[in-house]
Amino acid sequence: MFSKAKTIHAIEVMGEMFPNAKCELTHKNPFELLIAVMLSAQATDISVNKVTPHLFEKYPTPEAFLAVPVEAIMDDIKTIGLFRNKARHIQGCCRKLIDEFNGEVPKTRKELTSLPGVGIKTANVVLGDAFGVPAIAVDTHVERVTKRLGICRLKDSVGEVEATLMKKLPESMWVEAHHRLIFFGRYHCTARSPKCDICPLLEECREGKQRMGI
DNA sequence: AACTCGGGGCA
DNA sequence: TGCCCAGAGTT
């Protein structure tokens, strides 16, 4: 297992590899980010960005999403997978934003995850990127990368991965660490063919040394 | 913990 | 063609 210092160092190396690591979902306000992250479930951010400009021009507010039948929203996001669930969740989410949160995106994890279609991952991204609240969102990339390196144990649950990262990183690094881990996983330490041969973290990577026979 | 939803992108 | 994608809800 990585020590705190070793974990921080790994995140810093990732920052050197990806100095521009940040949320790639285009958005202008917390509401747009919330909807965009909901859409990104099991879809690439690139495909989400292809529909959101038109989507937010057509539906700039929760009220606008509720003014049309759910089929209309499905049609607007049909190039993204799981669009039936997502369209339904968007309207359910907008309904609750209006009824219980005065039409605004709430700023606590508990309130966010009470929204239909919003889980811990989406909540943490909104907290971190829209409101600047320290949070680490564990997705498939974060889970894979931290387990490969040895920052977390292979058997750790998503919650345990999150807890470990929160324990081994200062709060001030949580949000940027999240983005760096994702960029590292998305563009370098990919699921199928990690670039161990050119990886600056190879010497301290549990799985990488195995793969390279070191 | 396992299963399901789902069309597009890419090899 | 076959496999994967910055997940969440249900059982």
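The structure presented is a predicted model; accordingly, all values stated were derived computationally and were not measured. Keep in mind that the numbers below use all heavy atoms, side chains included, and drop hydrogens, waters and symmetry copies. Convention: sequence-line order gives letters A, B, ...; per-chain numbering from 1.
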DNA chain B: first to last nucleotide in contact with chain A (atom under 4.0 angstrom from a heavy atom), 5' to 3', is dC5(B) to dG9(B)
Quick note, ring pair (Phe, Tyr, Trp, His ring centres under 6.0 Å) partners involving residues 186-214 of chain A, not counting sequence neighbours, are F183(A)-Y187(A), F184(A)-H188(A)
Its contact letters, B for base, S for sugar-phosphate only and - for none at protein heavy atoms under 4.0 Å, make nucleotides 3-11 of chain C read SSBBBSS--
Quick note, ring pair (Phe, Tyr, Trp, His ring centres under 6.0 Å) partners involving residues 38-64 of chain A, not counting sequence neighbours, are Y59(A)-F65(A)
Excluding L82(A), membership of its hydrophobic cluster (Ile, Leu, Val, Met, Phe, Trp, Tyr; side-chain heavy atoms within less than 4.5 Å) reads none
Sorted by chain and number, sequence neighbours left out, side chain to side chain donor-acceptor pair (under 3.5 Å) with K110(A) holds for none
For residues 87-98 of chain A, the side-chain hydrogen bond (donor to acceptor under 3.5 Å, both in side chains) pairs (sequence neighbours left out) are N85(A)-R88(A), R95(A)-D99(A)
Salt bridge (charged side-chain N to carboxylate O under 4.0 Å, His left out) filter on K147(A), not counting sequence neighbours, yields E143(A)
Residues pairing under ring pair (Phe, Tyr, Trp, His ring centres under 6.0 Å) where one sits in residues 120-164 of chain A, two or more places apart or in two chains, turn out to be none
task = Name the nucleic acid region contacted by T79(A), choosing base, sugar-phosphate or nothing; use a 4.0 angstrom heavy-atom cut-off, strictly under.
result = sugar-phosphate
| query | Is there a path of hydrophobic side-chain contacts, each under 4.5 Å between heavy atoms of I, L, V, M, F, W or Y residues, that connects I136(A) with V145(A)? | reply | yes
Which pairs would a plain distance check flag for residues 174-181 of chain A, meaning a side-chain donor or acceptor within less than 3.5 Å of a matching protein atom at least two apart in sequence or in another chain?
{"residue": "W174(A)", "atom": "NE1", "partner": "L169(A)", "partner atom": "O", "Å": "2.9"}
{"residue": "W174(A)", "atom": "NE1", "partner": "P170(A)", "partner atom": "O", "Å": "3.4"}
{"residue": "E176(A)", "atom": "OE1", "partner": "R180(A)", "partner atom": "NH2", "Å": "3.3"}
{"residue": "H178(A)", "atom": "ND1", "partner": "A137(A)", "partner atom": "O", "Å": "3.0"}
{"residue": "H179(A)", "atom": "NE2", "partner": "D129(A)", "partner atom": "OD1", "Å": "2.8"}
{"residue": "H179(A)", "atom": "NE2", "partner": "D129(A)", "partner atom": "OD2", "Å": "3.2"}
{"residue": "R180(A)", "atom": "NH1", "partner": "I11(A)", "partner atom": "O", "Å": "3.3"}

Residues pairing under side-chain hydrogen bond (donor to acceptor under 3.5 Å, both in side chains) where one sits in residues 11-22 of chain A, two or more places apart or in two chains, turn out to be none
Sorted by number, residues from residues 160-168 of chain A placing a heavy atom under 4.0 Å from DNA chain C are none
